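Below is one structure; the comments refer to it alone.
Below, chain A is the first sequence line, B the second, and so on; all start at residue 1. All figures in this text were calculated on a predicted structure; none of them were measured in a lab. Because only heavy atoms are used, hydrogens play no part in the values below, and waters and symmetry mates are left out as well, while side chains stay in.
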Number of protein chains: 2
Amino acid sequence: MLKRRTDTCISCETCNERSPLFSLLSSEELRIMNTNRFEVVFNTGENIVKQGTSSTHMIMITNGMAKMYLEGFDKKNLMLEIITPWKLFGGPGLFTDYRYHYSVSAITETSACFISIDNVRKVLRLNPDFAEALLKHCSQNGVSNFQRLISLTQKQMHGRLADVLLYLSEKIYHSEHFNLNITRQEIGEMSNMTKESATRILKEFELAGIIKLDTKEINLLDVPKLKQLSLHG
Amino acid sequence: MLKRRTDTCISCETCNERSPLFSLLSSEELRIMNTNRFEVVFNTGENIVKQGTSSTHMIMITNGMAKMYLEGFDKKNLMLEIITPWKLFGGPGLFTDYRYHYSVSAITETSACFISIDNVRKVLRLNPDFAEALLKHCSQNGVSNFQRLISLTQKQMHGRLADVLLYLSEKIYHSEHFNLNITRQEIGEMSNMTKESATRILKEFELAGIIKLDTKEINLLDVPKLKQLSLHG
DNA sequence: TATTATGAATGATATAAAACAATAATATCT
DNA sequence: AGATATTATTGTTTTATATCATTCATAATA
C-alpha cells in the first residue's frame with residue numbers, strides 16, 4: 001500500500017534529526033540518500049523484509065512497530081528485536097552476500113522508508129564520520145548478539161523471561177506498565193521457549209508478586225527482583 | 001615473553017599479503033599501522049585478551065592457535081571460534097565502549113601482533129576501501145552469530161556436535177583426519193553441552209560408524225551423515 | 001446473535017540433557 | 001620411574017523444559 005506523502009516526510013533533509021546516523025550527513029549527502037528513496041505502509045502481519053531475499057535497501061520505520069526475527073528450523077522463529085521508529089536495519093547482508101539474514105514483519109500497521117544500499121555505500125565512501133558510525137552501529141549489534149547468546153544458552157526460563165520483560169519495559173514501551181501487542185507465542189520466540197512455558201512463568205511471576213498480569217496488560221511490580229532473576233542462570 | 005624479531009615480521013609491509021584487509025593499504029597507511037605495533041609470544045593457557053578490559057588494540061595471530069570465548073555465568077564459557085594465523089580480532093568493543101567483549105587465550109604457544117586502535121581509526125578515515133572492508137568484516141561476524149544462535153538454540157546435542165566436527169575439519173585442521181589439541185571440556189564449550197555429553201556423543205558417533213575415534217585423534221568417516229545431522233534440529 | 005477462528009491457560013506425560021559420582025587413562029612434575 | 005594432577009569415560013539420578021491434550025476466553029466473521 002502506497003503512502004500519501006505528508007509534510008513530515010518529503011525528504012531525508014526533513015527527518016534527518018530523527019536518526020543519529022543521518023545527522024552526520026551534509027545536504028549533498030542527504031540528497032544522495034534521498035534519491036530513489038521510497039516509503040511503504042505495511043499491514044499487520046505483512047513482511048517488510050524476508051530472510052533469504054536480496055538485500056537492496058537499508059530500512060527505517062517511521063511509524064508503527066515491527067518484529068525482527070530469525071527463521072530457524074521447522075518454522076521455529078527466534079525474535080531478535082522489536083523495531084520502533086528511527087531504528088535503522090537491513091542487516092549484515094548489506095555488506096557481505098547481499099541477502100537479508102532475518103525477516104522483519106509488521107506488528108501494527110507500519111510505515112517503512114527504504115534507502116538504496118548503493119546510495120548508502122556512496123555516502124559512506126564520501127564521509128568518514130558516517131563510515132565510522134556505521135561500523136559502530138554494526139559493532140553494537142555484535143555486542144547485543146553476545147548478550148543474547150549468553151542469555152539464551154546459559155540462563156533458564158525464568159531468567160530469560162525476566163530479560164524479555166525488562167527489555168519490553170525499558171526499550172520498547174518506556175514504562176513499567178504496558179499493554180502488550182505481541183502474543184504469548186511471540187514472547188516465547190523472544191526467550192526461546194514454548195508459548196505454554198511463557199504463559200506458565202508469567203503466571204508464576206504474578207503469584208510471586210513480581211508482576212501484575214491481566215492477559216495483555218503487564219505491570220512490573222518488582223523490577224529489582226526481575227533484575228536479580230535475569231542475573232541468575 | 002618478548003619475541004625476537006625475525007625477518008618474517010619486521011613490519012606490516014612485509015606481512016601485509018597475509019591478511020586481505022591489509023592488502024588494501026598503501027605504504028604510507030601500512031607505516032601508520034606499523035607505528036607502535038608490537039608482537040608478544042604467549043604460553044599455552046595464557047590470556048591474550050581478557051573480557052571486560054580496555055580494548056586498545058586490533059590483534060592478529062602470526063603463529064599458533066588460540067580460542068575466543070565468552071565468559072558467561074558461573075565460570076561457564078561459550079567458545080566462539082578457534083583463532084589461527086592472520087585472522088584479525090579485537091571485537092565489537094573497538095568501536096563502541098572500548099572494552100573487550102570476549103576473552104582469547106592461547107591453546108598452543110602463540111605469537112600475536114598488536115596494532116593500536118587509534119592507528120586503525122586513522123587509516124579507516126583515510127581509506128574508504130579499508131573502511132568498507134572493516135564493515136564487511138564486522139558484518140560477517142554478525143552473520144556467523146546468527147548461525148550460532150540458531151545452532152545453539154534450535155539444534156540438539158547431536159546436531160551441535162556435528163557442527164563442531166565439521167567446523168574443526170573444514171575451518172581449522174583442513175582435513176577429515178585430525179589430532180585434536182582441545183579437550184572434551186572445550187568441545188563442550190563450543191557446542192554448549194557438558195564435557196560428559198561431548199564424550200558420550202562422540203562415542204555414539206563412533207559406534208554408528210560416522211567417525212573413528214582414538215581419544216584425541218578423530219577421523220570423519222561419513223561427512224554427509226554429519227551434514228545431515230547438522231541440518232536436523 | 002450465533003459461529004468460527006485464534007489465542008490463553010492449565011494439567012499430564014515424555015524426554016533431552018545436566019548433575020552427580022566413580023573409575024580409568026593420560027599427562028605432568030619431581 | 002614413581003607420584004600427582006588433569007582429562008576422559010561410563011553409569012545413575014535428577015531436572016528443566018518440550019510435547020500433547022483439553023478447556024477457557026476473546027476476537028473476528030457470517
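Of the candidates A:I182, A:L161, A:L152, A:M190 forms a side chain to side chain contact (heavy atoms under 4.5 Å, CB included) with just one, namely A:I182.
Across the protein-nucleic acid pair, B:D214 atom CG and D:dT7 atom C1' stand 15 Å apart, rounded to whole Å. For the pair B:L213 CG and D:dT10 P, the interatomic distance rounds to 10 Å; values are reported in whole Å. One atom, CG of A:L202, and another, P of C:dA9, lie 8 Å apart when rounded to the nearest Å. Atom CD in A:Q185 sits roughly 12 Å away from atom P in D:dA18 (whole-Å rounding). Straight-line distance from the CG atom of A:L180 to the C1' atom of D:dT26: 15 Å, rounded to whole Å. One can place CD of A:E217 at 16 Å from C1' of C:dA8, the figure rounded to the nearest angstrom. Nucleotide D:dA8 holds its C1' atom 15 Å from the CG atom of B:L161, rounded to whole Å. Atom CG in B:L207 sits roughly 12 Å away from atom P in D:dT9 (whole-Å rounding).
The side chain of B:T199 contributes an N or O atom lying less than 4.0 Å from OP1 or OP2 of D:dT9. Using a 4.0 Å cut-off, no side-chain N or O of B:K216 falls inside it from OP1 or OP2 of D:dT7. In this structure, A:K195 does not reach the C:dA8 phosphate: none of its side-chain N or O atoms is under 4.0 Å from OP1 or OP2.
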Take A:K67 and A:E81 through the salt bridge (charged side-chain N to carboxylate O under 4.0 Å, His left out) test and state the conclusion after the steps.
CA-CA 6 Å; A:K67 60 172 176 171; A:E81 310 187 45; over 6 Å; no
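Residues A:H101 and B:Q147 bring no donor and acceptor atom of their side chains to less than 3.5 Å of each other. Side-chain N/O atoms of A:Y102 and A:N77 include no donor and acceptor closer than 3.5 Å. One side chain, A:D163 or A:S230, offers a donor N or O that lies under 3.5 Å from an acceptor on the other. B:T44 and B:E109 share no side-chain donor-acceptor pair at under 3.5 Å. Side-chain contact, A:N36 with A:S116: no donor N or O sits under 3.5 Å from an acceptor N or O. Neither side chain, B:Q140 nor A:T96, offers a donor N or O lying under 3.5 Å from an acceptor on the other.
A salt bridge links A:K50 and A:E71; the closest N-O separation between the charged side-chain nitrogens and carboxylate oxygens is under 4.0 Å.
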Can you tabulate the close N/O pairs, meaning under 3.5 Å, that link protein atoms to atoms of nucleotides 17-19 of chain C?
from	atom 1	to	atom 2	distance (Å)
C:dA17	OP1	B:M157	N	3.3
C:dA17	OP2	B:M157	N	3.3
C:dA18	OP2	B:S197	OG	2.9
C:dA19	N6	B:R200	NH2	3.4

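Each end of the helix from C:dT1-D:dA30 to C:dT30-D:dA1 gets its own axis, taken as the rotation carrying the C1' atoms of four end pairs onto the next four within a five-pair window, and the two axes meet at 40° to the nearest 10 degrees.
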